[in-house]
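The structure appears below as structure tokens.
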There are 2 protein chains.
Amino acid sequence: MPTDRGQAGPTISEVAAEAGVGRATAARTLGGYGYVSPELRARVLAAAEKLGYRANALARSMSTGVSHTLGVIVADIGNPFFAGLLRGVSDTARARGFDVIVLSTYEKLEEEVAAVNVLIDKRVDGVIVASAALDREQSAHLMAAIDRGIPVVLVDRAVSALDLDAVVIDNRDAAREAVEVLIAAGHRRIGFVWGPPVAEAPATRREMVAAAARNLWTDGERLRGYLDALDDAHIPFDPRLVMVGPKTEERVVTEVGRMLALPDRVTAVFCTETDGMTGSLRALRQAGLSYPEDVALIGFDDSAWAAVMDPPLTMIAQPVHELGARAARVLLDVLGGAEPARERHTLRARLVQRSSVAPPRP
Amino acid sequence: MPTDRGQAGPTISEVAAEAGVGRATAARTLGGYGYVSPELRARVLAAAEKLGYRANALARSMSTGVSHTLGVIVADIGNPFFAGLLRGVSDTARARGFDVIVLSTYEKLEEEVAAVNVLIDKRVDGVIVASAALDREQSAHLMAAIDRGIPVVLVDRAVSALDLDAVVIDNRDAAREAVEVLIAAGHRRIGFVWGPPVAEAPATRREMVAAAARNLWTDGERLRGYLDALDDAHIPFDPRLVMVGPKTEERVVTEVGRMLALPDRVTAVFCTETDGMTGSLRALRQAGLSYPEDVALIGFDDSAWAAVMDPPLTMIAQPVHELGARAARVLLDVLGGAEPARERHTLRARLVQRSSVAPPRP
DNA sequence: CTGTTAGCGCTTTCAG
DNA sequence: CTGAAAGCGCTAACAG
């Protein structure tokens, strides 16, 4: 029977009064610290039970300085990739008694800065962030958090200029492996979907890489992997085969359509995102082409759908849950007193071979 | 240049000292309340800037009693449906200056109870929950929150016995409409995937409904919609056509396989979940059947994938983002002082007709 | 308009 | 082992 003192539940003082003990004794038993005799302990517990006492975590955090809360900043909660990652974070955090506050930035750096500030204000114990920052300068907000004693671990995206713990996958190797599979099947005209979001396609390979370096880390790495594979096979780089422009499914449709209309059209497409794959599939249909006969396909981010497509799609599966879980573990360890290793933890993505790759038509 | 006083940033007292004003004056300008002369205001702002001051939201919440934080409890963050809903909540909450704490229950009522307690402890201002509770008794934790002055709005799942604001979709009508489309195409043997998760299929229609009522609200509603459509068309109910057992893709494969092997096999399948659809697709393939010629298909929860399947799938699209946004708006309005309407807000799902429905083979 | 003074609910010395 | 008292950083009367 909760005391209806205005609104919020009973305080520790009320419990102490009810139990007929000092405030500190009640606090000690309820807070689970310090010594208290079994008898008093029982009385306090009974009183708390009776009043329906629930500790005020805010007040507790104020005195102790720790909130048992992790802040997680992702690009988009609505994206299954981040949703899965979040689940990993949240599962392991909760298992260790930590709660999670999630903030979404939609790839805007200003939103990310605001998010970090919110987390600082709320005095979270640590932060996990899939940052859009590219260099030291853009990472001032992250350094600010660290200066305030809030450990930060990067996830999904490393910031090369920053000496921080980062949990990522081997984007470059994964992309290279996928493209190698395409090349091994005989393809030499391989489209790359999700190049740098610049208006005009950079003319040279050098400029293309530079443009990618000015954008999302993962995308840049994947582009490099694509180029690696091309180089190894001595296939010349053709800027017309990489999609540029806004990263939307719509744009993919027109860009892949364009690549399909080239005199020496692409015979394979490698997609670095789910939307890239669905867009490519659309473009194929519009062109009256089918896979894998007319065009071979490999994409990033495996899903139940990819497996039930007909034919089923060869995809790269990222260890999403583990990515989040690992980030949480690294952070929690630091909070537990471990010295930050400030190293890059690279998990391996896995290429799931199915049936969307076949040799090019003769 | 932040003062490196141990760890956490500077306090309002330090800012006041730096600016040479009283603590309250600093608090007033930094907190944005009360009057303060332009000159002092400027001095305080400058001092705050210089010291890198950030308000301690915990301390603020302690005095004001409000946290500007919403708690959201969903069944599974990893599920795209909830991820989208969360995005809706989070977008509108942030727009009104509220942060969001997300907790996932994985459909376990005990986890839900724990989650509510965490939110009470953290003194969130309000709670949005996709509850697994079925009746009054199972909702004690929700009532406890309300007793403590924390408004609760239900989302996705109503609790019939509870007189609370609830934002849901018209599951029953949506299901009925889908099944009607199947019937209109000439089908009479229509499978229903994701019946109640009981071990043995209830023999009678009555028991089937009862079993559903003992489980997830949305599933029960969808089953009722299915039955509605059958009734209207005077199609007898056949318990062998509804899947029972664990709600996993694996199970769907075997159950649909079973329905496909029946002497008078199903010629259409209606799926109430994404996994139901992918599982059904698998089952079809295993049976060497294809859609829509051999079996017509309609499922819940449209996605980019459904549209690029070949043929593209007819699906029910839930207004996921709006579901979350609306729930947030209802809650925020109550927090803003509005009297809780305690009504059910029903959004309409939309049937997206594509090409997975054809008449049954003669 | 500004500064002083109490708290918010909890933890944490520090005597007893 | 227990209780009194101080303090976490901020807001909120209340005098000046």
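Since the model is a prediction, treat every value here as computed from it, not as a measurement. Side chains are part of it too, since the values below use all heavy atoms of this structure and drop only hydrogens, waters and symmetry mates. Residue numbers start from 1 in every chain, and the chains themselves are labelled A, B, ... in the order their sequence lines are given, proteins ahead of strands.
- Counted within 6.0 Å of CD on B/Glu110, heavy atoms from surrounding residues, nucleotides or ligands total more than 12; the atom is thus considered enclosed.
- For the OP1/OP2 pair of C/dT11 and a distance below 4.0 Å, the side-chain nitrogens and oxygens of A/Tyr33 include at least one atom meeting the criterion.
- Between B/Ser61 and the phosphate of D/dC10, there is no side-chain N or O to OP1/OP2 separation shorter than 4.0 Å.
- We find that CD1 of A/Ile12 is positioned 13 Å from P of D/dG3, with the value rounded to whole Å.
- We find that CG of A/Asn56 is positioned 8 Å from C1' of C/dC8, with the value rounded to whole Å.
- In this model, the phosphate group of D/dG3 is not approached by any side-chain N or O of A/Arg23 to a distance below 4.0 Å at OP1 or OP2.
- If you check the side chains of A/Ser67 and A/Arg123, you find no donor sitting under 3.5 Å from an acceptor.
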Might you work through the side-chain hydrogen bond (donor to acceptor under 3.5 Å, both in side chains) test for B/Arg23 and B/Ser13, ending with a clear yes or no? CA-CA 5 Å; B/Arg23 176 208 304 289; B/Ser13 304; 2.5 Å; yes
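- Once rounded to the nearest 0.5 Å, the distance linking OG of A/Ser131 with CD of A/Glu112 reads 3.5 Å.
- Along DNA chain C, the nucleotide nearest to B/Ala24 and the one nearest to B/Ser63 differ in position, and the one closer to the 5' end is contacted by B/Ala24.
- At whole-Å resolution of the value, OH in B/Tyr35 and C1' in D/dA13 are 15 Å apart.
- The CG-P distance, from B/Leu30 to D/dC10, rounds to 8 Å in whole Å.
- We find that CE of A/Met62 is positioned 7 Å from C1' of D/dC10, with the value rounded to whole Å.
- The distance from atom CZ of B/Arg123 to atom P of C/dG9 is 8 Å, rounded to the nearest whole Å.
- Contact annotation for B/Leu40: backbone-only contact, meaning every heavy-atom pair under 4.0 Å involves sugar-phosphate atoms and none involves a base.
- Whole-Å rounding puts the A/Glu39 CD to D/dC1 C1' distance at 11 Å.
- In this structure, the side chain of A/Glu49 does not engage the main chain of A/Leu45 through any donor-acceptor pair within 3.5 Å.
- For B/Arg28 and C/dG3, a side-chain-to-base donor-acceptor distance below 3.5 Å is present, hydrogens and geometry of angles not being considered.
- Remark on DNA chain C: of its neighbouring residues A/Ala59 and B/Val36, the 5'-side contact belongs to B/Val36, judged by nearest-heavy-atom nucleotide.
- For the helix from C/dC1-D/dG16 to C/dG16-D/dC1, the terminal axes (five pairs an end, C1' atoms, rotation from four pairs onto the next four) enclose an angle of 40°, given to 10 degrees.
- Exactly one residue among B/Leu142, B/Val168, B/Ile128, B/Asp165 makes a side chain to side chain contact (heavy atoms under 4.5 Å, CB included) with B/Leu154. That residue is B/Leu142.
- Salt-bridge check for B/Asp333 with B/Arg96: passed, with a basic side-chain N closer than 4.0 Å to an acidic carboxylate O.
- The CZ atom of A/Arg148 sits 14 Å away from the C1' atom of D/dG9 (whole-angstrom rounding).
- When the side-chain nitrogen and oxygen atoms of A/Tyr53 are compared with OP1 and OP2 of C/dC10, one or more of them lie within a distance under 4.0 Å.
- Rounding to the nearest 0.5 Å gives a distance of 5.0 Å between CZ of A/Arg43 and CG of A/Leu40.
- When the side-chain nitrogen and oxygen atoms of B/Thr11 are compared with OP1 and OP2 of D/dC8, none of them lie within a distance under 4.0 Å.
- Side-chain N/O atoms of B/Thr25 include one lying less than 4.0 angstrom from OP1 or OP2 on C/dG3.
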